[in-house]
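To start, the structure itself, in structure tokens.
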Amino acid sequence: MDLSIVIPLLNEEESLPELESWIRRVVEAEGFSYEIIMVDDGSKDGSWAVIEQLASQNPNVRGIKFRRNYGKSAALSRGFEAAQGRVVITMDADLQDSPDEIPGLYRMITEEGYDMVSGWKKKRHDPVLTKNLPSKFYNWTARRMTGIYLHDFNCGLKAYRHSVVKSIEVYGEMHRYIPVLAKWAGFKKIGEKVVMHQERKYGVTKFGMERFIRGPLDLMSVIFISKFSKRPMHFFGAWGILFFIFGFIILAYLSIAKLVYQEYGIAERPLFYFGILTIIIGTQLFVTGFLAELVSRNAHDRNQYLVEKNV
Ligand code: UDP
Ligand code: MG
């Protein structure tokens, strides 16, 4: 199969028929063998009935329905699991992403050798203050922190080589940072393509203000996990030892002052408390690192390496 199109959706009944017929028009004109995987993330409207209807008319449409709303990451993850195509393309269900981009994205993967291509909504049609500006800031931070030079990490329209979607695990709210997960899994050629973007035609946005809190927290997790999850002691242990030594020096100095130079009132000096505090913090960090080591020793993927080639 040439192409799998994975569409996560939540309450998008009005958009689906238009989306399906548009995709079908584009993909069939190219002569691709394809599947459209619609993952209904616990919709409360008539989305599932529409999907059943579309699947009965077009054998290339598959539907998966979650029992409740698990989030866009979960929907993508399930879609990736089901995808069979040589190239996997994800797009939002709300008609903001244009199916006309599919052939171009497909070719960047198959002919130009990209592992992953992210859409870039260069001219974006979303509210400026609540979406466009914060998004500029996030993308800038993500670029700086991850070293991946993309303008639009969270674009719903993306294309992947088959092996990429089978090698990464998208969970929590990680759909914002899939390029980071791909890079971390060892896929190097990550590119971007300027894509058309439209205003939402039907329905409303599913991401409210809570994304201002979750977005940055998830970026921190992504960075922390990618840097230290396999060796937490290198982070916690190093800081722990540093704090401990610092506190130890302070207390040693105070002890000498008392024992050798017979200074009085050591326990009333702020430095005394500061020394104790740093020793406690140091020990805490060290123990945290040790516990984290034990946890990562038991992680199911502790020895899962991705083999690229064999001879
Ligand atoms: N979506 C989903 N589960 C959720 C939230 C959103 O599957 O919990 C889908 C939604 O139906 C849409 C896509 O994710 O297809 C992007 O959502 P939306 O268009 O609301 O985000 P925005 O474009 O406003 O950032
Ligand atoms: Mg949208």
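Because the structure is predicted, anything quoted here is derived from the model rather than measured. All residue numbers refer to positions in the sequence shown, counting from 1. Order of listing sets the numbers, starting from 1, for every ligand and every atom in it.
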Any R200 heavy atom less than 4.0 Å to ligand 1: yes
N or O pair under 3.5 Å between A93 and ligand 1: yes
Winner among L95, T205, D92 once heavy atoms are compared against atom 16 (C) of ligand 1: D92
Any donor-acceptor N/O pair, D115 side chain to I190 backbone, under 3.5 Å: no
Pair F187 + Y160: ring centers closer than 6.0 Å: no
Flag, side chain of H197 to backbone of R124, donor-acceptor distance under 3.5 Å: no
Residue D94, metal the Mg ion (ligand 2), N/O/S under 2.8 Å: yes
Heteroatom distance test (E12, ligand 1): nitrogen or oxygen, under 3.5 angstrom: yes
Test log, rule side-chain hydrogen bond (donor to acceptor under 3.5 Å, both in side chains), inputs S4 and E35: CA-CA 5 Å; S4 299; E35 62 182 351; 2.5 Å; yes
Atoms in ligand 1 flagged as close to L9, the criterion being non-hydrogen separation under 4.0 Å: 7 (O), 11 (O)
Sub-4.0 Å heavy-atom approach of G156 to ligand 1: no
Over-ring placement of R68 relative to Y70, 6.0 Å and 45° cut-offs: yes
Residue D41 vicinity, atoms of ligand 1 by number, heavy atom under 4.0 Å: 2 (C), 3 (N), 4 (C), 7 (O), 8 (O)
Ligand 1 to D94 polar contact by distance, N or O atoms, under 3.5 Å: yes
Centroid separation F32 to Y106 less than 6.0 Å: yes
L10, any N or O under 3.5 Å of ligand 1 N or O: yes
Contact flag T205/the Mg ion (ligand 2), N/O/S atoms, threshold under 2.8 Å: no
Test: E30 and R107 ion pair at under 4.0 Å: yes
